[in-house]
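Right, I'll just put the structure down here and ask away after.
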Amino acid sequence: MNVSELPKHFDTQAAESSWQARWRELGVYRYAEAAPGQERFAIDTPPPTVSGSLHVGHVFSYTQTDLIARFERMRGKRVFYPMGWDDNGLPTERRVQNYFHVRCNPGLKYESGLQLPDPADPNFDPKSPPQEISRRNFIELCLRLTEEDEKSFKALWGRLGLSVDWTQEYSTIDPRCRRAAQRSFLDLWRKGHIYSVEAPTMWDVDFQTAVAQAEVEDRKIGGHFHHLRFAVEGSPIGSKIDIFTIATTRPELLPACVGVTAHPDDARFRHLFGKRALTPLFGVPVPIFPSDLADPEKGTGILMVCTFGDATDVRWWREQNLANRQILGRNGRLLAVEFGQPNWPSVDPQRANLLYSELSGKNVKQARRLIVEQLRAPDEAVLRGQAPLEREPAPIEHPVKFFEKGDQPLEFITTKQFFVRLLDKKPMLLEAGDRIQWHPEFMRHRYRVWTENLAFDWAISRQRYFGVPFPVWYPISAAGEADYANPIVAEEESLPLDPADAAPPGFNEGQRGKPNGFVAEADVFDTWFTSSLTPMIASGWGEQPDRFRTLFPMDLRPQSHEIIRTWAFYTIVKACLHEDRIPWKNVAISGWILDPDRKKMSKSRGNVITPMHLLDEYGSDAVRYWAAGAGLGADTAFDVNVLKVGKRLVTKLFNASKFVLGKEGVPGPIVYPMDRVFLLRLRDLVRNATRHLENYEHQQALAETERFFWTAFTDSYIEMSRARTQGTQGAEAQGSALTTLRIALSVFLRLFAPFLPYITDEVWSWTCAEETGCASIHASAWPSEADFPELPADGNEGIFDIALEALYAINRSRTAAGVSTAREIKTATLAAKPDAFPLLQAACEDIRLAVRAGELLAVEEPQLDGAGIEVRQIEFVSA
RNA sequence: GGGCGGUUAGCUCAGUUGGUUAGAGCACUUCCCUUACAAGGAAGGGGUCCGGGGUUCGAGUCCCUGACCGCCCA
């Protein structure tokens, strides 16, 4: 090809679209089953949540994974690099409900070809009650909506140049994933790791679903300490009544009070243990017991136990065998209860019911406001006329548990839920974590600490719709009662299924909901129950045994650090419980992108930077350069300047390549000392860059390559060899220089290829593709010793650094004299210390040619300050 | 309250097992259109490596301690 016909500038956008098409056409990123003896490298790509938009943080972390994929591919491994979409779950549900104005009713049957009113229709009434549809219809709508998102995500990934094999695509709600999740359930059920129980569970009252420990976060919110007087039961009439004061932030749970406790060593309350207290207003007798868990410093030191205010209440309720008086319903409103009935004792049921009737049906906030008013009134029955509220509520700020996606504090509500038993498996899970390499290493602690502190088994059932259903039914007795203790689980061959549409083995559809028939479980799995299977889904677990054997365990799991406790943890759980193996050998944790003020990017903060305009303005390679500049685990503030630097590097590569390939002449053997020394240094660079990439330190590889390319190659070696390439120093010196330049260019292109896939393939296509027979640089071999001819060492390797110093020294002289680099030098003299002098002499001719001097002398100066080279005399050709 | 990470130039960040005078880019100043490159090049100024102690011949680097920032967990 005629390099002189190449465009003046590199058109990034045109190159990006043409190379994407070319890569597809060549199948460069297609995973091929490894030949015998050939290594494979399997990546458990994080499936992005599709019901949102991508920001530069995603671009950042996905690029870091792609670097590794490209590096390993060039090293000759068969790279398995799939892409999944995480589309099930709450965010999508919410969008579908609003967009189509529907609600899911899992009790309804599927209606094929369901017609929905068009929200754009003028007759459409948005205030009308939402249409109820079956779960399968609802899922179809979710799929319709997520399909669009997936298209735009895919376009962005393509643009960014992710070397994903797009034939290996999945989404977490597709039949394959649903089948895998249900198969996982069956396997764990058979192995006895899953149990279902009716117990107090963390519950979000808005979403009306159970949540797992991993989805819970503490938030500091304002509240009030309410000081309430309780009476001790049995104070003799006429004597001074024995009263104590508890402090609580949740007075509305007073009707659910089932006990009172204080620290066993607390002298103030020791005399009360074993007696019973009477709750104010409701007059409920409850036991007073000692507990180490009560903090004498907190509040008044004595507190009420309710069903259920928090996790400690649950514990006390269990350990002390307390009554269960659940007053909060699943919707977060107070249930109707009747005092005086069994389990609801009261010394004055009539009054208790009167007071409670005001609270019944109210939500927590409303009930709290009302009960505080009730507590201000004198309480004759229990407190002989004193008001239960001892003093005005005192504002405090305290940590409260929230569902990470929710807006209301979590409640503990007694419901039937499925759990995976984990608490007995901590040692095994810790040991598994130790067998995995974590990058950076300190991220191992996050996993370890989470696993050690795990307090609950994994609650896997969710009372939601856009998810994978439990493949479970319950028999109905002749009397019409569902038998939840004896679930019927599906057979593996029938997966995936929705128990609302399919009948269990041995039953027919006509028996649904009838005596001696069956009823379907309505719950779906926690989304992590499916996502925790990604390495198994992608590698064909349970479906393609041969493929599974070669791909599992995978080599690499890339992910971010805030989901170590969920995604990484649950994936390790699943791999251990199903296969008794770790899911991958390496975990690479990418950092977060912070906004320029070092705040985490989030929609709610409104500081999200989207990537498309950056790709348009700077080009994919520049964006990737920015992403590759940060090491794993390092949070980085977004800085548009780094993109500019990347763009400059791309331009420099483009121009330097044009220079090298534009030289005419016949390449010959490397006989010239400076060429040999330069190649030796380049060979060191290859070794270092390779080592850094092997160690998951891509930023080091890039930084060293870039630095050497800029200072040693374009700024110096090219200048030193320029004259020789034109043949002025004879054919042998020219041939040696041309060969060196060609080797260097080919090596540089390949060292940069994982980072800058577009510009490197563009340049590669000019001549290297034909010369090597590799149509794409990304299918070529990573540079190695094999790229270099025999380069015997002769002890003169120092001439390169000396030459560099001499060039800098002369540049300084030029600048000091205010002389253009275009002006030639008539004569100059360089001074070196005796130990450096022979090297300077040896490099003198190369320096002279580089700076275009008529005459260049080297002198020895034992008394020279410092170690460098100094210009002793310089005379420029007159302008 | 516990754990982990961080604090290096105005900004964004490197700095590997301790080892010359602590680096890069951006920004700033000055100069230069030079046959690969003005989408460029050359040069320059700019540092109490968060504070305090310690180990060492020698500490940005190791140890102790304090402050601040971030994250995770209670």
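Each chain gets a letter, A, B and so on, in the order its sequence line appears, and its residues count up from 1. In this text, all values refer to a predicted model and were calculated from it rather than measured experimentally.
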Which part of the nucleic acid does A/Glu824 contact within heavy-atom distance under 4.0 Å: base, sugar-phosphate only, or nothing?
-> nothing
When you compare the protein's N or O atoms with those of nucleotides 5-9 of chain B, which come within less than 3.5 Å of each other, and at what distance?
none

Output field dot_bracket for RNA chain B (Watson-Crick or G-U, both distances under 3.5 Å, | for other-strand pairs) contains (((((((..((((.....[...)))).(((((.......))))).....(((((..]....)))))))))))).
Mind checking whether A/Trp592 and A/Ser61 have side chains closer than 4.5 Å, heavy atoms only?
-> no
Checking all strands, does A/Arg852 fall into the base, sugar-phosphate, or nothing category for heavy-atom contacts under 4.0 angstrom?
-> nothing
Would one find a side-chain N or O of A/Lys8 under 4.0 angstrom from OP1 or OP2 of B/A38?
-> yes
Starting from C1' on B/A42, measure out to CD on A/Glu719 and report it in whole angstrom.
-> 11 Å
To the nearest angstrom, the CD1-C1' distance between A/Ile593 and B/U12 comes to 11 Å
Rounded off to whole Å, could you give me the CD-to-P distance for the A/Gln700 and B/U17 pair?
-> 11 Å
Begin from the C-alpha positions of A/Asp310 and A/Arg250 and carry the test salt bridge (charged side-chain N to carboxylate O under 4.0 Å, His left out) through to its verdict.
-> CA-CA 10 Å; A/Asp310 60 18; A/Arg250 304 212 52 187; over 6 Å; no
Rounding to a whole Å, what distance do you find between A/Leu632:CG and B/C71:P?
-> 20 Å
Atom-pair distance (CZ on A/Phe748; P on B/A36), nearest Å | 18 Å
Might you list the N or O atoms of the protein lying below 3.5 Å from N or O atoms in nucleotides 26-31 of chain B, with each pair's distance?
unit_1, atom_1, unit_2, atom_2, d
B/C26, O2', A/Asn641, OD1, 2.9
B/C26, O2', A/Asn641, ND2, 2.7

Atom CZ of A/Arg707 and atom P of B/U16: how far apart are they, to the nearest Å?
-> 14 Å
Heavy-atom closest contact (A/Ala247 atom, A/Gly299 atom, distance) | CB-CA, 3.9 Å
How would you label the contact of A/Trp710 with the nucleic acid (heavy atoms, under 4.0 Å): base, sugar-phosphate, or nothing?
-> sugar-phosphate
